[in-house]
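A quick write-up on the structure given underneath.
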2 protein chains.
Amino acid sequence: MDKALALVKGEVKRLFTDFLEKKGQRRTPERYAILDEIYSKKSHFDVDTLFIQMKNRNYQVSRATVYNTLDLLLESGLVIKHQFGQNLAQFEQAFGYKQHDHMICNVCGKVTEFCDPRISQTEIMMGELLNFEIQHHSLNLFGNPKVDENGICLNCDNVVST
Amino acid sequence: MDKALALVKGEVKRLFTDFLEKKGQRRTPERYAILDEIYSKKSHFDVDTLFIQMKNRNYQVSRATVYNTLDLLLESGLVIKHQFGQNLAQFEQAFGYKQHDHMICNVCGKVTEFCDPRISQTEIMMGELLNFEIQHHSLNLFGNPKVDENGICLNCDNVVST
DNA sequence: GTAACTGCAAACACTTTGCAAAGGA
DNA sequence: TCCTTTGCAAAGTGTTTGCAGTTAC
């Protein structure tokens with residue numbers, strides 16, 4: 001485990017501890033294990049993936065606990081929830097990331113992050129116009145990947161029949 | 001029923017007929033009834049609302065048929081599907097509307113439409129940058145409504161405890 | 001007439017809940 | 001010790017599917 005990752009994990013753990021204390025919630029090993037697992041790799045994940053990942057590492061938690069803990073992590077702002085597809089919520093780490101949006105591949109479902117400051121201008125303007133105090137936004141672009149002359153996707157390297 | 005609405009309904013029906021014919025699908029009364037119901041009122045709706053609405057009008061259709069028909073309407077481009085919340089897909093008419101995005105009220109869940117041309121610039125730029133041919137996007141703003149001095153929401157007129 | 005469509009109910013997938021047992025504070 | 005949290009399994013919720021009967025063509 002590299003140093004930067006260790007630092008992030010430490011900080012995130014501290015923040016979570018503070019949060020639990022303030023809420024009068026218990027600091028259980030399960031909760032920390034889930035937090036640690038989430039911050040062990042950088043990418044989007046869904047509940048089941050996380051659950052199975054932990055099983056594979058021989059850390060026994062129930063799905064219910066995963067859901068429960070994710071709620072706490074969402075509330076504490078350490079994790080962000082997305083709803084890209086139909087019925088599979090996706091999550092991602094929130095700490096150490098700047099605001100970003102998502103490009104979702106129509107072919108393989110892969111999620112790529114991007115950033116465009118113009119969105120926050122839209123936020124501000126529409127908040128004014130519509131009488132809302134904007135809390136957050138979600139911008140998802142959906143599209144087909146460009147492929148090279150052999151039909152290889154320029155993004156995921158898979159063969160794509162377009 | 002006003003004239004404009006009648007015109008839209010006629011046109012939409014024609015488009016749907018063309019689509020069904022091209023796909024070799026049958027033109028069943030159920031399908032037209034569902035299309036008609038959807039275009040009878042301007043707003044977002046979910047499957048169950050639509051289903052119950054039709055029941056109330058004494059038009060008997062099964063949920064399965066509603067789902068099936070919505071798929072066809074989506075494919076034909078006459079209806080658009082959104083996933084604002086957790087697990088309740090919302091739909092809206094697509095014909096006669098220009099591209100727009102959505103502002104969702106954190107308090108009452110009400111959906112307001114808005115339009116900002118800057119989004120399409122983001123689409124174009126990110127498509128270039130990430131090697132995608134953007135098909136569509138979805139931008140949702142979430143926020144709390146501004147209230148007047150009496151705590152009345154400026155948007156929905158309900159009392160809001162902020 | 002016949003293949004596609006409908007209605008119904010059962011199956012599904014993801015998420016939440018109820019309850020007894022475990023374990024932080 | 002006490003009350004929150006956990007694990008499990010059962011219940012929920014929105015959606016899809018299988019199948020027998022119906023119907024558009």
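Chain letters run A, B, ... following the sequence lines, proteins first and then strands; every chain starts at 1.
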Please determine whether a side-chain nitrogen or oxygen atom of [X] lies at a distance below 4.0 Å from atom OP1 or OP2 of [N].
X: B:R31; N: C:dC5; result: yes
X: A:T65; N: D:dG7; result: yes
X: A:Q25; N: D:dC3; result: no
X: A:R63; N: C:dT15; result: no
X: A:Y67; N: C:dT16; result: no
X: B:T28; N: C:dT6; result: yes

>> Starting from B:V12, can I reach B:L20 by hopping between I/L/V/M/F/W/Y residues whose side chains sit under 4.5 Å apart?
In response: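 Yes.
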> Taking the inter-plane angle between the rings of A:H82 and A:H102 on a 0 to 90° scale, is it parallel (under 30°), tilted (30 to 60°) or perpendicular (over 60°)?
Replying inline: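 Rings of A:H82 and A:H102: perpendicular, over 60°.
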> For the residue pair B:Y32 and B:F16, does the interplanar ring angle fall in the parallel (under 30°), tilted (30 to 60°) or perpendicular (over 60°) class?
Replying inline: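 Correct class here is perpendicular.
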Choosing from [options], which nucleotide comes nearest the side chain of [X]?
X: A:P29; options: C:dG24, C:dC14, C:dT6; result: C:dG24
X: A:R26; options: D:dA24, D:dT15, D:dC3; result: D:dC3
X: B:Q60; options: C:dC8, D:dT15, C:dT15; result: C:dC8

Roughly, in whole Å, what's the span from [atom1] in [X] to [atom2] in [N]?
X: B:Q90; N: D:dG14; atom1: CD; atom2: P; value: 12 Å
X: B:L70; N: D:dT16; atom1: CG; atom2: C1'; value: 13 Å
X: A:I34; N: D:dT6; atom1: CD1; atom2: P; value: 7 Å
X: A:D48; N: C:dT15; atom1: CG; atom2: C1'; value: 11 Å
X: B:L88; N: D:dT15; atom1: CG; atom2: P; value: 6 Å
X: B:K23; N: D:dC25; atom1: NZ; atom2: P; value: 16 Å
X: A:F84; N: C:dC14; atom1: CZ; atom2: P; value: 17 Å
X: A:D46; N: C:dT15; atom1: CG; atom2: P; value: 8 Å

> Are the charged groups of B:E92 and B:K42 less than 4.0 angstrom apart, N to O?
Replying inline: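 No, B:E92 and B:K42 are not salt-bridged.
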> Between B:D48 and B:R63, is there a side-chain N and carboxylate O pair less than 4.0 Å apart?
Replying inline: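 Result for this pair is yes, salt bridge flagged.
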> Is there a residue in residues 71-82 of chain A whose heavy atoms reach under 4.0 Å of DNA chain D, and which residues are they?
Replying inline: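 Heavy-atom contacts with DNA chain D come from no residue of residues 71-82 of chain A; none.
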>> Under a 3.5 Å threshold, yes or no: a donor from one side chain and an acceptor from the other, between A:D116 and A:H100?
In response: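 Result is no, nothing qualifies.
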Donor-acceptor pairs under 3.5 Å, side chain of residues 73-81 of chain B to any protein atom, not counting sequence neighbours: which ones?
| unit_1 | atom_1 | unit_2 | atom_2 | d |
| --- | --- | --- | --- | --- |
| B:E75 | OE1 | B:K23 | NZ | 3.2 |
| B:E75 | OE2 | B:K23 | NZ | 3.1 |
| B:S76 | OG | B:L72 | O | 3.3 |
| B:S76 | OG | B:L73 | O | 3.0 |
| B:K81 | NZ | A:Q86 | OE1 | 3.2 |

>> Taking any heavy-atom pair under 4.0 Å as a contact, classify B:N68: base, sugar-phosphate, or nothing.
In response: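 The residue B:N68 makes sugar-phosphate contact but no base contact.
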> Does the pair A:D36 and A:K13 meet the rule for a salt bridge (Lys or Arg N to Asp or Glu O under 4.0 Å), with working shown?
Replying inline: CA-CA 8 Å; A:D36 189 82; A:K13 195 171 164 183; over 6 Å; no
